[in-house]
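In what follows, every heavy atom counts, from backbone to side chain, and hydrogens, waters and symmetry copies are set aside. Since this is a predicted model, take the numbers as computed values, not measurements. Atoms within each ligand, like the ligands themselves, are counted from 1 in listed order.
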Amino acid sequence: MAIFAEKVTKTYQSGEVTVKALREASLTVPDKKIVTILGPSGSGKSTLLNVIGGIDRYDEGQIVVDGRTLDGLKDKQLTEYRRKNIGFIFQQYNLIPTLTVEENVEVGRELSSNPLPMEDTLKKVGMLDKKDKFPFQLSGGEQQRVAIARALIKNPNILLCDEPTGALDEDTGKNILKLLKYVNETYGTTVLIITHNQGIGEMAHQVIRMSSGEIVETYENETLVDPE
Ligand code: ADP
Ligand code: ADP
């Protein structure tokens, strides 16, 4: 799904302090593309992802996803939009420790109106043989694979990834990025990836750089480099 944001602003008020997390941020993400969002800590990357994903509201401007504006959606409609279209991946895998791999992924399936088959999804992320393990029995890379399966089983149109490799060593991180690329190619999922890692930019169709709540640079890659 294509995403358009036009002059989106978001201000946080914490006590006396006002923080402009987004200042008239505009972007266009074409359908079925991988986009990375680079920028220093506090530059508004997570806020941008959260307002696109409907887990937070923006103040001004406009976000249009697949031709429909998020403006003025009621809470219930926003939840519906999110459940139907969006998969989230975070740096912390946020798995439920008392549930097995399969049960964790099932949580994602229950939230979907159009889920993919369980076995297929576990196979895609390479976790079928560990479906009965608990999170503590898995490595970090494996836990992130489960988190990706939990997002994927919803069959989302858009995957929003906030520092998906932030807690992983370099090699494991590359494998996770390869998996995201594979998902993009296989399902045509639009994938947005926040990262600190400049190198990850090379694997994306488009790179966006943020600074102090603004999008200061956007460029496209002609050829995509595999994370190796
Ligand atoms: P990034 O993802 O690039 O690190 P964020 O979007 O998390 O940036 O944050 C942008 C700015 O908004 C930062 O100054 C941050 O402290 C502030 N901010 C983010 N979320 C909140 C919040 N819930 N309440 C108050 N300030 C926030
Ligand atoms: P990855 O590259 O996927 O992160 P690792 O190299 O970290 O994998 O781990 C290799 C193997 O070690 C994995 O198959 C995993 O099952 C096992 N492993 C890692 N950490 C643990 C743990 N805390 N308990 C049990 N097995 C573990």
Side-chain angles (χ1 to χ4, degrees), residues 3-29 33-65 69-71 73-75 78-79 81-82 85-94 140 143-144 147-148 150-151 156 158-170 173 176-177 180 184 189-221 227:
I3 303 162
F4 299 96
E6 204 190 349
K7 298 195 173 176
V8 173
T9 65
K10 171 78 186 175
T11 303
Y12 289 111
Q13 190 76 41
S14 47
E16 301 282 285
V17 189
T18 303
V19 180
K20 285 207 159 188
L22 294 176
R23 302 166 190 258
E24 304 205 339
S26 302
L27 85 166
T28 300
V29 178
K33 298 292 182 192
I34 303 179
V35 176
T36 55
I37 305 173
L38 302 171
S41 193
S43 58
K45 305 183 298 295
S46 297
T47 304
L48 182 63
L49 223 61
N50 293 345
V51 295
I52 289 172
I55 56 177
D56 204 353
R57 301 264 188 182
Y58 49 96
D59 301 329
E60 288 167 65
Q62 164 126 277
I63 295 178
V64 177
V65 179
T69 179
L70 302 189
D71 273 14
L73 290 190
K74 303 222 165 61
D75 284 352
L78 200 62
T79 302
Y81 154 79
R82 192 170 60 236
N85 299 300
I86 310 289
F88 274 101
I89 316 270
F90 299 99
Q91 176 172 338
Q92 315 82 350
Y93 324 112
N94 298 333
Q143 290 185 61
Q144 191 61 300
I148 291 173
R150 182 184 53 196
I158 300 170
L159 261 189
L160 301 176
C161 314
D162 196 341
E163 299 274 2
T165 65
L168 302 172
D169 64 61
E170 206 178 325
I176 291 298
L177 293 171
L180 292 173
N184 164 263
T189 316
T190 303
V191 182
L192 270 65
I193 306 172
I194 291 180
T195 178
H196 272 99
N197 184 344
Q198 182 80 32
I200 294 177
E202 316 272 301
M203 68 168 277
H205 300 98
Q206 185 179 316
V207 180
I208 289 170
R209 188 180 303 280
M210 295 190 71
S211 176
S212 307
E214 293 182 70
I215 292 171
V216 292
E217 188 187 0
T218 302
Y219 65 87
E220 321 227 318
N221 288 315

Query raised in the report: What residues sit with at least one heavy atom under 4.0 Å from ligand 1?
Result: Tyr12, Val19, Ala21, Pro40, Ser41, Gly42, Ser43, Gly44, Lys45, Ser46, Thr47
Requested in this report: Using distance alone, with no hydrogens and no angle criterion, decide if Asp162 and Ser46 have a side-chain donor and acceptor under 3.5 Å apart.
Outcome: yes
Query raised in the report: Under the side-chain hydrogen bond (donor to acceptor under 3.5 Å, both in side chains) test, which residues partner Glu217, sequence neighbours left out?
Result: Arg209
Report task. State whether a side-chain donor-acceptor pair under 3.5 Å links Asp56 with Tyr12. Result -> yes
Query raised in the report: Does a donor on one side chain and an acceptor on the other come within less than 3.5 Å for Thr69 and Gln62?
Result: yes
**Report entry** Side chains of His196 and Glu163, donor plus acceptor under 3.5 Å
**Finding:** yes
Query raised in the report: With a 3.5 Å cut-off and no angle check, do the side chains of Thr18 and Gln13 form a donor-acceptor pair?
Result: yes
